[in-house]
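Here is the naming used below: chain letters follow the sequence lines, and residue numbers restart at 1 for every chain.
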There are 2 protein chains.
Amino acid sequence: MDLREFRVFLAIAERGSLSGAARRLRVSQPAVSQTVAALEQQVGVELLERSSTGVRLTEAGVVLAGEARAVLARYEQALSAVGRFALSADTRLRVGVPLELPPGLLPSAFAALAGSHPRTRTEVRHLTSAAQLDALRDGDLELGLLRSHPMDSDFDAMLVVEEPLGVLLSASDQRSDSAGVRLEKLAGLDWLAFARADSPPWFDEVNAVLRSHGVDPGPAVPPGQFLIAEVKFAAVSSGQAFAFAPRDWSQPLPAGVLWTPLVGSPLIRRTWATWPADSRRRDLAALIAHLDPLDPPAA
Amino acid sequence: MDLREFRVFLAIAERGSLSGAARRLRVSQPAVSQTVAALEQQVGVELLERSSTGVRLTEAGVVLAGEARAVLARYEQALSAVGRFALSADTRLRVGVPLELPPGLLPSAFAALAGSHPRTRTEVRHLTSAAQLDALRDGDLELGLLRSHPMDSDFDAMLVVEEPLGVLLSASDQRSDSAGVRLEKLAGLDWLAFARADSPPWFDEVNAVLRSHGVDPGPAVPPGQFLIAEVKFAAVSSGQAFAFAPRDWSQPLPAGVLWTPLVGSPLIRRTWATWPADSRRRDLAALIAHLDPLDPPAA
DNA sequence: GGGGGCCGATAAGGAGGGCTTATGGCGGAC
DNA sequence: GTCCGCCATAAGCCCTCCTTATCGGCCCCC
């Protein structure tokens, strides 16, 4: 008697497999299996032809998929119909973001949000992970993008991005080969770091990896102070230092600085969307859905 | 995220009160209160103006009520769209009924069922309560109308009718006054009974009530043997016996026989719709819904 | 004007649906 | 032949939603 079954069934129909639908819906495969079985029993018809390679919709399944889409669309319409009565105090959506987010991530999510919730105005605030957590707790932020899982039951979190980090090195550096550079080869260079207080768990992870590969972290950086790109580039091109960076760097590298992958990808920078667990805002939920890497808006 | 909230909200809208909706939905009043509160939080708008006399829809509530009706209608349409693929083996619905059901109950429910499930063919079988239970257990019946609650977790049951019984007495009988007849005045007459085995709990209840009022039950009747109305009438008009009967007797009484209410309504004959708890048949569910005295099809 | 009755809100406890992990059978790919 | 990915099933747990119990507010009626 509910729309959950329709959503699951549509995920199956679009992915062509129960396992795929389970991944997309972020639930386990048996949950999907049980749900669609219950749906089939309710309507009294087989909806799927199972095989060991996946599933195909039966004739009845094709019909129901169309119907289910219509029902869900009508449901969304119903909710948005009363949305215009909603208090306007809620239409500001404040999002905290760290430096160096994959280009395109926020613009596409915001664009999708503008379509479904045209009255929501998004505000972006560049903040460190620690500052975002504080702001979320104080109600000064509706959504954060953190460099570590909040580890706090007051918050829900979803992994949004995983970026294997490479390093920025001087173009004249000889440490790398065609496969990239080995982390231990970086011993002797300074790491262009950030302050531990800005994101302790992530800082500690990087430090632990560096130490285990015999690399000493460079000089400490005061909290809240970031090295702007030009400063990093200057230090790197001098051959004295290196910096970590994802492959998809948002700006062009100057001559004299090269990005090189790390052999074995020992460092993966993760970004978690984080929001108060008790939030019921629908525009927030929609934005989160659009950030979901397993539920691409393109689908 | 589901239709349950819509159903609850519509029940509120139609009844104009949370308590009324709760009765109609057969849940407690706090359940309704919580559900609609959750719905309001989701849409971010007050849907109801509460008062101590009931509730009224707000402007947003009126809009949502219309939308919710549309969504539910679309949902029903989706389920019935695949219904035509359902196996045809399921289209026979066998219903067991006792003697002396309120006139109109089954015809109106069957008519409503024919509208929503035109492919379902209903079959009525006159059976005693005990025989119906056996048939339900054997899969020979989809629905029973019993004179007692099945008291068995294999079955679900819903109270369908409550009939305060009066008595059929000879027109020349002097025992009654304007308020009716007192049960203890019937001592000395024979009760035109039915066999205990046909419906033990109900038989025992009647017997206990009779005995506590000093009335001796009359001669036993063999199981499965019912006295046809004409025989009852003959025995009653002779002045030797009485029979219990509801006010809404299905056939006209002959001259010489009068129906008289019992002072204090010491006997209330209840009829329970009873079906296998594991049944998922949608046509059965629809028929049960149409039998629901708290959810009149007229609404 | 005070008490009873009905309204809806809230708190606290319990049952069940839906999730999880663990495991098994099956078929295709290498 | 072995391995891997598919889906189904089993058993256990958690969270949602229900329950009962209780409260404050308002109306009505005496």
Checklist entry - So what does A/Val55 touch, heavy atoms closer than 4.0 Å: a base, only the sugar-phosphate, or nothing? => result sugar-phosphate

Checklist entry - Does the pair A/Arg269/A/Glu205 count as a salt bridge with the N-to-O cut at 4.0 Å? => result no

Checklist entry - A/Ser80 side chain to A/Gln77 main-chain N or O, any donor-acceptor pair under 3.5 Å? => result yes

Next on the checklist: Under 4.0 Å, counting only non-hydrogen atoms across every strand here, what does B/Ser28 touch: a base, just sugar-phosphate, or nothing?
Outcome noted: base

Checklist outcome for this item: With sugar-phosphate taken as primed atoms, P, OP1 and OP2 and all else as base, the protein-contact string of nucleotides 22-30 of chain C at under 4.0 Å (heavy atoms; B, S, -) is B---BS---

Checklist outcome for this item: Contacts of A/Phe6 meeting ring pair (Phe, Tyr, Trp, His ring centres under 6.0 Å) (sequence neighbours excluded), chain-then-number -> B/Tyr75

Checklist entry - Can you tell me how far C1' of C/dC7 sits from CZ of B/Arg23, to the nearest Å? => result 10 Å

Next on the checklist: Are the side chains of A/Leu48 and A/Arg56 in contact, using a 4.5 Å heavy-atom criterion?
Outcome noted: no

Checklist entry - A/Ala31 or B/Ser51: which one's nearest nucleotide on DNA chain C is closer to the 5' end? => result B/Ser51

Item to check | Nearest to side-chain heavy atoms of A/Thr35, which nucleotide of C/dA12, C/dG18, C/dC19 | outcome: C/dC19

Checklist entry - Do side-chain atoms of B/Glu162 reach the backbone of B/Arg270 as a donor and acceptor pair under 3.5 angstrom? => result no

Item to check | Whole-Å distance separating the CZ atom of A/Arg26 from the C1' atom of C/dT20 | outcome: 16 Å

Next on the checklist: At less than 4.0 Å, is any side-chain N or O atom of B/Arg50 found next to OP1 or OP2 of C/dA9? Yes or no.
Outcome noted: yes

When you compare the protein's N or O atoms with those of nucleotides 15-17 of chain C, which come within less than 3.5 Å of each other, and at what distance?
none

Checklist entry - Charged N to carboxylate O under 4.0 angstrom, A/Arg74 versus B/Glu67? => result yes

Item to check | Under 3.5 Å donor-acceptor, B/His117 side chain and B/Arg119 backbone | outcome: no

Next on the checklist: Could you work out, with side chain to side chain contact (heavy atoms under 4.5 Å, CB included) as the rule, every residue matching B/Ser129, not counting sequence neighbours?
Outcome noted: B/Leu146, B/Arg147, B/Ser199

Checklist entry - If only atom types and distance count, is the side chain of B/Ser19 paired as donor or acceptor with the main-chain N or O of B/Gln29 below 3.5 Å? => result no

Checklist entry - Which stems does DNA chain D form, counting runs of 3 or more consecutive Watson-Crick or G-U wobble pairs with both distances under 3.5 Å? => result C:1-30 with D:1-30

Item to check | A/Thr35 side chain vs A/Ala31 backbone, donor-acceptor pair below 3.5 Å | outcome: yes

Checklist entry - Using a heavy-atom cut-off of 4.0 Å to chain B, what are the terminal contacting nucleotides of DNA chain D, in 5' to 3' order? => result D/dC17 to D/dC26

Checklist entry - Less than 4.0 Å between a side-chain N and a carboxylate O, is that true for B/Glu40 and B/Arg50? => result yes

Checklist entry - Checking A/Asp283 side chain against A/Ala286 main chain: does a donor-acceptor pair fall under 3.5 Å? => result no

Checklist entry - Roughly how many Å is it from CD in A/Gln34 to C1' in C/dT21, rounded to a whole number? => result 12 Å

Item to check | Polar side-chain atom of A/Asp2 near backbone of A/Arg4 as donor-acceptor pair, under 3.5 Å | outcome: yes

Item to check | Residue of the set A/Arg24, A/Arg23, A/Arg26 for which salt bridge (charged side-chain N to carboxylate O under 4.0 Å, His left out) holds with A/Asp292 | outcome: A/Arg26

Checklist entry - What's the CG-P distance between B/Leu18 and C/dC7, to the nearest Å? => result 10 Å

